[in-house]
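Read the structure below first, then the notes.
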Number of protein chains: 2
Amino acid sequence: MISLGRTINPHISVDCVVFGFSTNQLKILLIEREYRDDSGKQARDHKLPGDFITLNEDLDLAAVRTLEELTGLNSIYLHQFAFIGQPERIWKKSDMDWLNTTTGMEIQRVVTAAYFALINITESNSDFAIKNNASWIDIKEVPALAFDHRNIIDRGLAHLQKSLRNEPIGFELLPEKFTIRELQSLYEVILDCNLDNRNFRKKILKSNYLIQLDEKQIGVAHKPAFYYRFDKHIYNKQKKEYLGFNF
Amino acid sequence: MISLGRTINPHISVDCVVFGFSTNQLKILLIEREYRDDSGKQARDHKLPGDFITLNEDLDLAAVRTLEELTGLNSIYLHQFAFIGQPERIWKKSDMDWLNTTTGMEIQRVVTAAYFALINITESNSDFAIKNNASWIDIKEVPALAFDHRNIIDRGLAHLQKSLRNEPIGFELLPEKFTIRELQSLYEVILDCNLDNRNFRKKILKSNYLIQLDEKQIGVAHKPAFYYRFDKHIYNKQKKEYLGFNF
DNA sequence: ATTAGTTAGCGTATCTTATACGTTAACTTT
DNA sequence: AAAGTTAACGTATAAGATACGCTAACTAAT
């Protein structure tokens with residue numbers, strides 16, 4: 001998504017690796033792009049949501065803006081995780097051509113700030129995204145991408161896995177209320193492992209920032225699970241200040 | 001340090017937070033700068049080692065280059081930890097003037113990639129640094145700095161503390177051979193805590209990547225300690241792939 | 001020479017946390 | 001009413017963290 005209406009800084013861009021979780025799959029938000037391949041033929045492929053920053057724009061805010069334009073959401077969990085600037089990162093002529101035509105400027109070299117974002121996919125924000133040529137694609141079925149975006153996704157995923165192990169961010173991918181089992185599945189899918197449900201429950205309930213609601217699942221063909229919500233406030237208060245080391 | 005001899009990209013710079021450890025103090029490498037203050041008077045202050053990147057330069061390599069010019073060292077532990085680009089980060093007129101005069105260009109806005117580096121301070125690289133107007137300053141006695149460099153240092157220090165807890169990087173700040181006590185002191189100073197020496201020793205020797213040498217301290221007024229060295233190879237082989245989570 | 005002062009380096013006892021796995025409870029479908 | 005499924009609690013054992021006692025080996029002071 002390139003901003004034609006505003007003056008851009010053609011040296012610096014933001015790219016967002018946006019994760020979502022639905023039907024027990026980790027998904028990523030990709031944009032379908034129309035471009036001319038090296039032989040000049042019209043073609044289509046996918047790219048990450050991203051944009052050049054405008055002249056006096058804050059980097060973080062540029063990422064927020066990009067995602068808001070795409071999903072309608074403006075309070076998304078969003079963090080910078082890398083800054084990528086190898087001169088040869090845009091090595092395909094067709095990609096460079098695409099930048100030149102969409103911006104109407106002579107693009108030389110683009111350094112990009114990579115952000116990763118966590119979204120709870122809903123019908124509403126999903127519809128919004130589809131209207132902008134964006135769609136949620138299973139992380140295991142990502143097609144060939146423009147630029148070096150495949151590489152950025154891989155680094156974003158590694159970052160997600162590391163963060164998930166060290167901070168309570170899984171909740172950002174779930175709705176307000178969720179079951180322990182849903183949370184566990186999320187961990188299993190993202191970390192690509194199997195966890196013992198009894199131990200998972202024990203460990204995650206021991207810290208008391210998961211609040212049990214008065215509401216159960218209905219219509220499920222088994223003992224219905226209670227819904228929980230995550231209380232960030234309680235977490236922030238009691239997060240342990242571990243001194244020492246772990247390696 | 002600004003490169004007059006080469007064509008620079010005036011939009012993007014690298015800044016390095018370089019840590020060293022000596023006489024039980026965590027130190028940081030700062031450069032003394034001459035500038036004109038807002039009233040036009042000559043003045044001096046300090047800044048981080050850093051530079052604009054050149055036109056076709058890789059960001060990481062720009063950081064390597066900057067440090068090599070400054071210390072003579074070319075294989076330094078060096079990692080990008082942030083990318084900073086608020087439009088108002090260079091808010092002082094004197095700083096902007098300084099950029100314009102040292103580069104001879106009209107600088108608008110600079111986005112900087114922040115790196116953090118770990119160096120074992122030696123007489124040789126210290127002398128080299130002094131010749132380039134650089135000096136090692138105790139992290140607790142950092143004076144007022146140019147630009148937003150104080151902020152970058154704070155973020156770099158937080159990054160150092162986090163990394164030190166999760167990866168064996170403390171060795172990068174010590175000479176090839178060191179005693180367990182020296183290593184412990186390093187942890188205590190950087191993490192700002194007291195550690196039990198018996199437990200520290202037990203924990204760090206359990207993993208067998210610390211190799212005891214055949215050499216003891218000499219001339220110390222107490223039982224002499226054995227020297228050890230860190231074997232990165234052994235560490236890489238056996239670092240645990242922990243699945244699950246920690247928070 | 002002997003003693004005092006200092007840090008190195010090993011060991012043990014206890015508390016906390018992780019892991020493995022057994023069992024009953026509560027719902028739907030057949 | 002029985003079968004199938006997942007929720008939710010509990011227990012036993014292994015592994016790791018923490019607290020702290022003690023002897024060893026050196027120099028400096030007496």
Side-chain angles (χ1 to χ4, degrees), chain A residues 23-24 164-166 168 174 177-189 191 193-230 235 238-247, chain B residues 23-24 164-166 168 174 177-189 191 193-230 235 238-247:
Chain A
T23 60
N24 265 6
L164 190 65
R165 263 187 228 108
N166 296 304
L174 294 174
K177 54 184 189 187
F178 51 84
T179 66
I180 303 290
R181 179 71 233 187
E182 285 166 349
L183 186 62
Q184 186 187 331
S185 297
L186 184 146
Y187 273 81
E188 291 179 333
V189 169
L191 300 181
C193 66
N194 292 310
L195 301 172
D196 181 279
N197 66 29
R198 293 154 293 189
N199 293 333
F200 180 82
R201 164 179 299 274
K202 213 182 301 172
K203 188 166 178 179
I204 210 146
L205 288 179
K206 178 168 42 90
S207 337
N208 53 355
Y209 43 70
L210 278 194
I211 312 292
Q212 193 184 58
L213 304 179
D214 273 338
E215 198 180 343
K216 287 183 192 182
Q217 289 177 312
I218 34 174
V220 289
H222 54 78
K223 177 172 175 177
F226 276 99
Y227 285 109
Y228 285 78
R229 69 177 177 82
F230 171 59
Y235 166 72
Q238 61 172 31
K239 68 180 157 188
K240 50 182 167 188
E241 273 302 319
Y242 176 63
L243 293 177
F245 56 93
N246 271 321
F247 58 82
Chain B
T23 60
N24 266 4
L164 191 65
R165 262 186 229 110
N166 296 304
L174 294 175
K177 54 186 190 185
F178 50 84
T179 67
I180 303 291
R181 180 69 232 188
E182 284 167 348
L183 187 62
Q184 186 187 330
S185 296
L186 184 147
Y187 274 81
E188 290 179 335
V189 168
L191 300 179
C193 67
N194 292 310
L195 301 172
D196 181 277
N197 67 26
R198 293 153 294 191
N199 293 333
F200 180 84
R201 164 179 299 273
K202 213 181 305 173
K203 189 166 178 181
I204 209 146
L205 289 179
K206 180 166 41 87
S207 338
N208 52 355
Y209 44 71
L210 279 193
I211 312 293
Q212 195 185 55
L213 304 179
D214 273 339
E215 198 181 342
K216 288 182 188 182
Q217 289 176 312
I218 35 174
V220 289
H222 55 76
K223 177 172 177 177
F226 275 99
Y227 285 109
Y228 286 78
R229 69 179 178 82
F230 171 59
Y235 167 73
Q238 62 172 32
K239 67 179 158 188
K240 51 183 169 191
E241 272 304 317
Y242 177 62
L243 292 177
F245 56 93
N246 272 320
F247 55 84

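Quick note on labels: first sequence line is chain A, next is B, and so on, each numbered from 1.
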Looking at R201(A), does any N or O in its side chain come under 4.0 Å of the phosphate oxygens OP1/OP2 on dA8(D)?
yes
Check the distance between dA19(D)'s P and F200(B)'s CZ and give it to me in whole angstrom.
16 Å
Please encode protein proximity along nucleotides 21-30 of chain C as a string of B, S and -, counting only heavy-atom distances under 4.0 Å.
BB--BBBS--
In this structure, how many angstroms lie between the P atom of dA19(D) and the CG atom of N194(B), rounded?
12 Å
Could you state the atom-to-atom distance from CZ of F226(A) to C1' of dT6(D) in whole Å?
14 Å
Rounded to whole Å, please give me the gap between CZ in R181(B) and C1' in dA25(D).
17 Å
Got a second to check how far K223(A)'s NZ is from K216(A)'s NZ, nearest 0.5 Å?
7.5 Å
Does the side chain of L213(B) come within less than 4.5 Å of F226(B)'s, by heavy atoms?
no
Test: R229(A) and E215(A) ion pair at under 4.0 Å
no
L186(B) and F178(B), any side-chain heavy atoms less than 4.5 Å apart:
no
Take atom CG of N24(B) and atom P of dT7(C), then tell me their distance rounded to the nearest Å.
11 Å
Counting C-beta onward and ignoring hydrogens, is there a side-chain heavy-atom pair between Y228(A) and L205(A) closer than 4.5 Å?
yes
Nearest-Å distance, NZ (K203(A)) to P (dG10(D))?
20 Å
Can you list everything that forms a salt bridge (Lys or Arg N to Asp or Glu O under 4.0 Å) with K202(B)? Sequence neighbours excluded, please.
none
Output the rounded distance in Å from CD (Q217(B)) to P (dT27(D)).
11 Å
Spacing between L210(A) atom CG and dA8(D) atom P, to the nearest angstrom:
12 Å
